[in-house]
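Just so it is clear, the model here is predicted, and its values are computed rather than measured.
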Amino acid sequence: MESEGSKEEPERMETAEDQSESDESSDEDDELQQQITELRSEVDKNPYYYDGHVKLIKVLKQCGELKQLREARKVMSELFPLTEEIWTDWLQDEIPLISSDEERVMVTKLFDKAVQDYLSIPLWLEYVQFSIGEMAKEGGIDHIRSTFERAITAGGLHMTKGASLWEAYREFENAILSGLQPSIGSIPSPEQQSQIEEQINRISTLFKRQLAVPLMDMEDTYEEYQQWVSDDIDVQTQKAYEKAVAKLKVLKPYEEALLAADIPRLAEYQSYIDFEVTQSDPSRIQCLFERAIQENCLVPDLWVQYTKYLDMDLKIPSLALEVYERGVRNCPWCVELWTGYLRALERAERPQETIKGCLNKALSVGFTQASDYLQLYTAYCDYLRRKIKWEEGNIQNVEEFRNECEKAIDYLYTAFGNDGDPLCTLQQYWARIEAKQCKNMAKARELWNQVMTAGFGNQAQMWMEYFNLERAHGDNKHCRKLLQQAVNSVNDWPETMCETYINFEREEGTLSQYDIAVTKCTAQLNRVKERRAKAAEKKAFEDTKKDRMEKKPGKRPEHKPQKPRGGPKQQEQQQNFQPIPTVLDKKEPKRPIGQKTTEKATPSLPSKEPTPNVFKTPPPPGYKPRQTEVEEPPSKRMKTLEKTESQISQDVTEHGANERTVFLSNLAYSVEEDKIKGIFSECGEIVDVRLIKNFKGLSKGYGYIEFKTSRSAENALKKDRLSVEGRPVFVSPCMDKDHKTKQFKFSSSMEKNKLFVKGLPFSVTEEALRTIFGQHGKLKEIRLVTYRSGAPKGLAYVEYENEADAGHAVLKTDGLHIEDHTISVAISNPPQRKVPVKERETSSFIASLGGGKKETTERGKARTQLSMVPRALQSCGAPSKPAAAGNKADTSARAPSDNPGEQKLSNSDFRKMLLKN
């Protein structure tokens with residue numbers, strides 16, 4: 001019984017372990033199924049989500065869902081060109097499952113599609129190896145040789161990897177030669193001998209073909225050929241080999257530059273291509289383009305350069321169409337590729353349905369600019385125009401052209417408004433076709449009227465285009481009417497339109513019509529001159545007024561404004577009060593003989609040093625003397641011992657320290673100088689850290705850091721917007737206040753290598769964004785936009801090294817879900833910033849509702865403010881506006897002036913004016 005019980009216990013334990021493993025595998029399967037469902041939802045929502053397709057394929061492979069895996073791979077291959085790794089993984093999964101000829105044909109088609117996406121030597125080797133498996137079939141050897149020839153054509157010129165294709169080809173032919181050799185001791189029949197000689201010639205030909213191609217380590221191939229022929233190499237092969245070696249020496253620096261550079265090596269490839277183009281070897285140029293595209297598949301300029309070479313130089317339509325198809329799959333946002341594709345289809349004489357399908361496919365991509373759609377529609381309209389046989393009167397094609405033009409105009413206006421076709425180029429193009437080819441001037445005039453009513457009626461260039469069309473294909477009556485409208489409407493170049501109108505009547509009209517034209521043009525030009533004169537006068541007045549506002553007459557530069565003290569009423573009184581200028585009495589100079597004594601003599605300039613026993617007018621109520629006249633209380637004396645903000649700024653700008661000093665702002669009030677020194681000490685040796693503090697000794701949130709060298713200051717500027725105690729610290733160069741100008745740090749124009757991301761959760765970090773966007777290209781900078789307090793705004797800018805990576809990232813990340821937010825990603829194109837305050841018109845005052853009249857005088861003081869200056873002085877406190885002609889100015893009411901020809905007042909004059917009131 002004990003033995004039976006001991007046997008049952010291990011069995012129960014094994015059963016429990018199996019049950020546990022079964023539960024764990026079930027949980028894993030459920031988790032994988034949930035991932036598949038989520039990834040399918042994301043891919044269905046955004047079919048161009050590249051990473052979603054890759055993740056879905058990976059999870060399906062883990063689950064072993066072969067049917068779903070095949071379908072997912074097929075969908076991805078139709079949307080995107082697949083990399084060498086994805087194709088290799090797919091083919092390695094399919095090859096072991098071949099059990100019939102149909103499945104072998106399917107895998108062969110997969111190989112054909114794989115080698116078309118990019119140039120891949122490993123994939124070609126796998127392809128020929130797979131083809132060798134059909135050697136026993138009828139025609140199998142010929143099929144294998146055909147595959148090898150395709151591989152040699154595609155990659156046999158690859159200087160670093162092409163030799164492997166040649167060697168594999170020779171090994172295959174050597175294996176066939178070994179099979180043809182008779183057994184030992186037997187004599188081959190004449191038929192066998194013929195086959196052996198033919199096979200030897202085939203192998204010899206392969207050696208000769210390879211030796212004529214400049215490849216790395218071709219010396220080893222030459223030695224192998226010498227051993228194989230066991231005789232002297234013929235002269236022609238020797239010359240071809242020497243020529244290839246010389247070519248290799250020329251190309252070797254370019255190959256070494258590629259080996260030394262890091263992928264994607266675009267600059268090195270570009271210089272290599274430029275050199276090969278000068279050598280005019282189409283096969284080598286094509287192979288080099290394919291090598292460059294393999295590593296730079298998302299660079300549209302490279303695709304455009306490649307397709308342009310195929311269209312203009314090589315001129316093989318079938319080859320060009322294949323490259324265009326691959327190009328628009330890699331860079332669907334490039335409109336130049338789509339328009340070139342349309343023209344390539346036309347060159348290949350493909351049916352209109354195919355070209356129309358290409359247009360619809362391009363329109364579904366979703367370009368970011370209206371000009372791209374305009375360029376695409378124009379290219380298709382060009383195709384329709386060329387398709388029309390004008391001599392045959394093909395009305396159906398003409399109507400198709402008209403409908404497409406109208407459709408394009410409506411689409412652009414509906415989607416982009418007036419920005420869709422800002423110069424109305426499609427209407428002009430359509431009008432020229434109607435006038436020249438269709439002889440339909442009524443339709444042409446209708447189209448041009450639409451152009452003029454769209455906002456071009458005041459531009460001379462548009463009127464000249466309209467007039468030239470009318471004169472070439474219309475009549476004089478409409479030309480005359482058109483010119484008369486133009487003369488009255490143009491405001492940019494009226495002289496040009498008037499001259500055109502007069503010349504037209506001189507050449508085509510009667511004398512009376514010529515006189516009418518001269519009269520109308522003369523009158524219009526006179527009106528234009530009057531308008532220009534008024535505009536110039538108005539501008540001069542505004543400039544003068546602006547200069548007066550900037551100069552602020554009456555300001556005494558020798559006295560600095562004092563900080564207001566006391567309560568609100570006292571501060572207001574001090575702001576409104578204008579100090580009475582103290583004029584010191586001096587002994588009058590001797591008068592010339594015969595000059596009468598006047599009551600108001602011209603006073604001399606005030607002296608800087610006061611003289612004793614000087615009479616001073618009593619100050620008005622509320623006036624307080626300046627700080628230099630009153631001794632400060634002891635509680636105020638400590639402030640004078642500390643440097644004020646202006647003094648610190650002045651110390652910073654002296655002795656050429658600007659270049660070594662940076663200005664910090666938006667600091668937290670709790671940050672101490674020691675902490676700032678610890679943060680910025682890594683930038684270089686610090687001479688001094690000066691925080692600006694108030695009278696209580698508390699930080700104002702900004703200050704200066706002076707370094708020992710200017711390079712250290714430059715390093716500190718790189719820490720701009722560094723987060724310190726939760727607030728972004730602004731680090732800027734130290735400049736004089738007089739020369740400081742407000743400049744926005746970041747570009748306000750379109751930056752195609754920078755993305756604007758919005759809709760981010762506030763909890764997202766820079767590291768998280770770097771993980772998300774870093775997989776689409778090399779990042780240059782990521783900047784999270786925050787408020788001055790450091791709180792996030794949910795916005796960010798992601799900058800890539802090049803435009804191609806940025807464009808690729810837009811397609812893959814726009815609409816991506818992060819936490820519970822859906823982000824929006826677009827190319828950075830901020831709106832134009834507002835005009836700076838200094839450049840605004842000084843008269844652009846807008847009163848608030850209920851605020852009353854708040855216009856300011858030339859002294860910058862509101863008219864509604866209460867002035868404590870006596871009325872007798874208030875009328876002469878500031879230079880008055882020039883009096884009208886014929887009015888006599890009262891010399892007793894004039895204030896002292898710097899003009900030596902103007903009479904000045906003495907202290908006694910001021911005293912008398914005060915006593916009058």
Do [X] and [Y] come within less than 4.5 Å of each other through their side chains, counting heavy atoms only?
| X | Y | result |
| --- | --- | --- |
| Tyr306 | Glu290 | yes |
| Ser120 | Val115 | no |
| Glu126 | Thr88 | no |
| Lys249 | Val245 | yes |
| Thr108 | Phe130 | yes |
| Leu215 | Leu248 | no |
| Tyr800 | Leu779 | yes |
| Gln369 | Trp333 | no |

Could you tell me whether [X] atom [atom1] has more than 12 heavy atoms of other residues or ligands within 6.0 Å of it?
| X | atom1 | value |
| --- | --- | --- |
| Glu149 | CD | yes |
| Glu78 | CD | yes |
| Glu103 | CD | yes |
| Lys356 | NZ | yes |
| Lys778 | NZ | no |
| Lys407 | NZ | no |

Using a strict threshold of under 4.0 Å (side-chain N to carboxylate O), is an ion pair present between [Y] and [X]?
| X | Y | result |
| --- | --- | --- |
| Arg202 | Glu198 | yes |
| Arg343 | Asp382 | no |
| Arg386 | Glu349 | no |
| Asp805 | Lys780 | no |
| Glu268 | Arg265 | no |

Do we see a donor-acceptor contact under 3.5 Å between the side chains of [X] and [Y]?
| X | Y | answer |
| --- | --- | --- |
| Tyr309 | Gln286 | no |
| Tyr377 | Glu404 | no |
| Asp234 | Thr237 | yes |
| Thr339 | Tyr380 | no |
| Gln210 | Glu167 | no |
| Gln428 | Glu465 | no |
| Trp228 | Glu224 | no |
| Asp274 | Gln270 | yes |
| Tyr118 | Asn330 | yes |
| Glu242 | Gln238 | yes |
| Tyr341 | Glu325 | yes |

Should Leu251 and Met159 be marked as a side-chain contact (heavy atoms from CB on, under 4.5 Å) after you check the CA-CA gap, both sets of side-chain angles, and the distance that decides it? CA-CA 9 Å; Leu251 299 178; Met159 284 191 61; 3.8 Å; yes
If you apply the rule side-chain contact (heavy atoms from CB on, under 4.5 Å), what do you find for Gln279 with Glu276, and how did you get there? CA-CA 5 Å; Gln279 303 301 308; Glu276 287 288 5; 4.2 Å; yes
Can the positive tip of Arg170 be found less than 6.0 Å from the middle of the six-membered ring of Phe207, inside 45° of the ring normal? yes
From CA spacing to verdict: salt bridge (charged side-chain N to carboxylate O under 4.0 Å, His left out), Arg70, Asp93: CA-CA 10 Å; Arg70 283 176 175 172; Asp93 290 341; over 6 Å; no
Classify the ring geometry of Phe111 against Tyr127: parallel below 30°, tilted from 30° to 60°, perpendicular beyond 60°. parallel
Fit a plane to each ring of Phe80 and Tyr50, take the angle between them on a 0 to 90° scale, and name the class: parallel (under 30°), tilted (30 to 60°) or perpendicular (over 60°).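 Phe80 vs Tyr50 ring planes: perpendicular.
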Could you go through Lys308 and Asp301, starting from their C-alpha distance and side-chain angles, then the distance that decides it, and tell me whether this counts as salt bridge (charged side-chain N to carboxylate O under 4.0 Å, His left out)? CA-CA 10 Å; Lys308 185 177 179 181; Asp301 292 340; over 6 Å; no
Evaluate salt bridge (charged side-chain N to carboxylate O under 4.0 Å, His left out) for Asp281 paired with Lys247, printing each intermediate quantity in order. CA-CA 12 Å; Asp281 189 344; Lys247 182 77 171 179; 5.8 Å; no
Run the ring pair (Phe, Tyr, Trp, His ring centres under 6.0 Å) test against Trp90 and tell me which residues pass, sequence neighbours left out.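 Partners of Trp90 by the ring pair (Phe, Tyr, Trp, His ring centres under 6.0 Å) criterion, ordered by chain and then number, come out as Trp87.
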Interatomic distance, [X] atom [atom1] to [Y] atom [atom2] [nearest 0.5 angstrom]:
| X | Y | atom1 | atom2 | value |
| --- | --- | --- | --- | --- |
| Arg104 | Ser131 | CZ | OG | 8.5 Å |
| Thr354 | Glu346 | OG1 | CD | 13.0 Å |
| Ile409 | Cys424 | CD1 | SG | 8.5 Å |
| Cys405 | Glu434 | SG | CD | 8.5 Å |
| Leu266 | Asn296 | CG | CG | 4.5 Å |
| Gln236 | Lys208 | CD | NZ | 7.5 Å |

If you compare all heavy atoms of Cys287 against all heavy atoms of Ala154, which two are closest, and at what distance to 0.1 Å?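 Closest approach of Cys287 to Ala154: SG-O, 4.2 Å.
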Nearest heavy atoms of Leu376 and Ala362, plus distance in Å: CD2-CB, 3.5 Å
Assess the residue pair Phe289 and Ile285 against the criterion (side-chain contact (heavy atoms from CB on, under 4.5 Å)); give the C-alpha distance rounded to whole Å, side-chain angles, the decisive distance to 0.1 Å, and a yes or no. CA-CA 6 Å; Phe289 267 118; Ile285 295 173; 3.6 Å; yes
Is there a side-chain contact (heavy atoms from CB on, under 4.5 Å) between Tyr225 and Tyr222? Walk through the geometry before answering. CA-CA 5 Å; Tyr225 182 48; Tyr222 182 77; 5.5 Å; no
Let me see the working for Asp311 and Arg347 under salt bridge (charged side-chain N to carboxylate O under 4.0 Å, His left out), right down to the final yes or no. CA-CA 9 Å; Asp311 288 336; Arg347 291 189 191 97; 3.6 Å; yes
Should Arg385 and Tyr429 be marked as a side chain to side chain donor-acceptor pair (under 3.5 Å) after you check the CA-CA gap, both sets of side-chain angles, and the distance that decides it? CA-CA 11 Å; Arg385 178 191 61 80; Tyr429 180 32; 2.9 Å; yes
Mind checking whether Tyr373 and Phe416 have ring centres under 6.0 Å apart? yes
